[in-house]
Amino acid sequence: MTTQELQAAFEQAYGRKAEKMYFAPGRVNLIGEHTDYNGGCVFPCALSFGAWLLIAKNGDQVLRFRSLNMPQEYAIPVSAIRPQPDRAWCNYALGCIDIIARRHPEAKLESGYDLLYFGNVPAGAGLSSSAAMEVVTARAFTEEMGVNMDNDKAYRTELALIGQACEHEYAGVMCGVMDQFASAQGKKDHAIYLNCDTLEFEHVPVKLEGIKVVISNTHSPHHLDSGAYNDRVRQCHTAVEQISKVHPIKHLAELSEDDWREMESAITDPIAKKRARHVVGEVARTAAAVEALKRGEIAYFGELMTASHVSLRDDYEVTGPELDALAEAAWQVEGVLGSRMTGGGFGGCTVSLVKDEAIETFKAFVGAEYEKKTGLKADFYVAEIGDGVSRLC
Ligand code: GLA
């Protein structure tokens, strides 16, 4: 959809023009999975897919939510902002408005608003459509509510933290900060090497001569399941508690692989031990992958991606038959440097590094193998790495 088409859709919905328009992207994570809530590093990029938000003040003290993707519409009085039942989609927006007010005592919502959302992140694909919606809402309403932050970098980090808090409180997913951070701080043709403990980060150029980042969508009916996700978060806490009896730590990511060999026997819970083993290994792989990319060693980067998938499959147990089928088929294609699941898991997408000349074979072979194994049809997109959230007009 063009911005003119979005303007026209707003006018059709509300009978007048939108005053402002914003965009926030979804993300793909290259490596560093299930490390963010363990104080580790991640390496995501913002995509050119994302969420648009058009807004205009209205005369009544009511927030009206509409979306071009969802049939449900909501009208919530400004005085009654709280989580809505039945997984209402407006929770991703309402939560941000509520959290802005709580984190910024100076912030005031002085009027009602008409809002129109549009998203083109494939639904349920694990490419952070909800983070895009949170960050675009946080961007718009920090401005409307008068939050003043001069430092753009700190402001963008704050938008990510608002989005993450919304996900915790209004969606019940105890996620890390990666998705919202990528949506807020993305930079064209760069990945973000983020330390999720300190929130320090670096934009690293993604220079892949003759190689593309290809996203493959399982279209698997089960998407990020907050129950299974929150279980992983709890299992990691158990591992931290048990390790802390011999060596106090705050996060699993503090452990090097050498520390791990010394201390792993302190974890008596076998499930917690597997989860922790993944996290410690993934933190080391992520650091090695970033160094490899900086040195132009893309083949090694690819191997680390593949090792990441194996660990997520065997130790973290978040892949499932569909993601495994896609990754395992990709590994067989000549010209694929690496392939792994991306995001939370349990369905969603894989991310692969594929040589230009192998892309057509990749789509044909992986698509056919996947359909043979699962009965489902996969979709393929060549990722375009875009900028973080912005105001368009
Ligand atoms: C989801 C969460 C992120 C992160 C990933 C796994 O996308 O929202 O915070 O934990 O899963 O790396």
Side-chain angles (χ1 to χ4, degrees), residues 24-47 49-51 92 95 121-135 157 160-186 191-197 199 201 215 217-218 222-237 251-253 275-276 278-283 285-286 289 304-305 308-309 311-313 315-320 323 340-351:
R27 64 94 190 93
V28 62
N29 187 23
L30 299 179
I31 194 162
E33 217 66 85
H34 288 280
T35 49
D36 59 353
Y37 52 85
N38 286 301
C41 291
V42 292
F43 199 44
C45 331
L47 293 169
F49 298 135
Y92 295 101
V121 180
L127 300 174
S128 296
S129 52
S130 62
M133 189 170 163
E134 288 154 0
V135 170
T157 295
L161 294 171
I162 292 166
Q164 182 194 23
C166 168
E167 191 81 36
H168 289 185
E169 294 185 34
Y170 275 68
V173 180
M174 299 313 287
C175 64
V177 76
M178 168 170 74
D179 304 348
Q180 293 80 6
F181 205 93
S183 183
Q185 299 275 17
I192 307 167
Y193 185 33
L194 167 67
N195 177 323
C196 299
D197 185 26
L199 299 183
F201 69 99
I215 297 172
N217 189 347
T218 59
H222 34 130
H223 35 87
L224 180 63
D225 168 333
S226 63
Y229 184 93
N230 291 345
D231 284 348
R232 298 301 182 284
V233 176
R234 267 191 298 275
Q235 290 154 354
C236 290
H237 288 163
H251 298 301
L252 285 175
R275 306 300 188 241
H278 163 74
V279 174
V280 173
E282 186 76 354
V283 168
R285 275 188 293 275
T286 306
L304 292 161
M305 287 172 74
S308 163
H309 184 92
S311 174
L312 288 156
R313 180 189 68 192
D315 278 342
Y316 222 68
E317 298 177 287
V318 289
T319 57
L323 287 167
R340 59 182 289 279
M341 59 154 269
T342 184
F346 315 105
C349 289
T350 62
V351 56

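Small disclaimer: the values here were computed from a predicted structure and weren't measured. Just so it is clear, the values below take in all heavy atoms, side chains as well, and ignore hydrogens, waters and symmetry mates. First listed ligand is number 1; within each ligand, the first listed atom is number 1.
With sequence neighbours excluded, no residue forms a salt bridge (Lys or Arg N to Asp or Glu O under 4.0 Å) with Glu134.
Note on residues 169-181: pairs passing salt bridge (Lys or Arg N to Asp or Glu O under 4.0 Å), not counting sequence neighbours, are Arg27-Asp179, Arg102-Glu169.
Using a 4.0 Å cutoff on heavy atoms, Arg27 counts as a contact of ligand 1.
Under the 30°/60° scheme for interplanar angles, the aromatic rings of Tyr316 and His278 are found to be tilted. Using a 30° and 60° split on the angle between ring planes, Tyr193 and Phe43 fall in the perpendicular class, above 60°.
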Test Arg275 against Arg232 for side-chain contact (heavy atoms from CB on, under 4.5 Å), laying out the working first. CA-CA 7 Å; Arg275 306 300 188 241; Arg232 298 301 182 284; 3.4 Å; yes
Asn29 vs Val351, test: side-chain contact (heavy atoms from CB on, under 4.5 Å). Steps then yes/no. CA-CA 8 Å; Asn29 187 23; Val351 56; over 6 Å; no
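Distances below 4.0 Å separate heavy atoms of Met178 from the following atoms of ligand 1: 4 (C), 5 (C), 12 (O). Residue contact check: His34 has heavy atoms under 4.0 Å from atoms 6 (C), 12 (O) of ligand 1. Contact atoms of ligand 1 toward Tyr229: 1 (C), 2 (C), 3 (C), 4 (C), 9 (O), 10 (O), 11 (O) (distance under 4.0 Å to a heavy atom of the residue). Proximity to Asp36 (heavy-atom distance under 4.0 Å) selects the following atoms of ligand 1: 3 (C), 4 (C), 9 (O), 10 (O). For ligand 1, the atoms sitting less than 4.0 Å from at least one non-hydrogen atom of Tyr37 are 10 (O), numbered in the order shown with element in parentheses.
The closest heavy-atom contact to atom 7 (O) of ligand 1, among the options Asn29, Asp179, Leu312, Thr35, comes from Asp179.
Residue contacts with ligand 1: Gly176 is placed with a nitrogen or oxygen under 3.5 Å of a nitrogen or oxygen of the ligand (distance criterion only).
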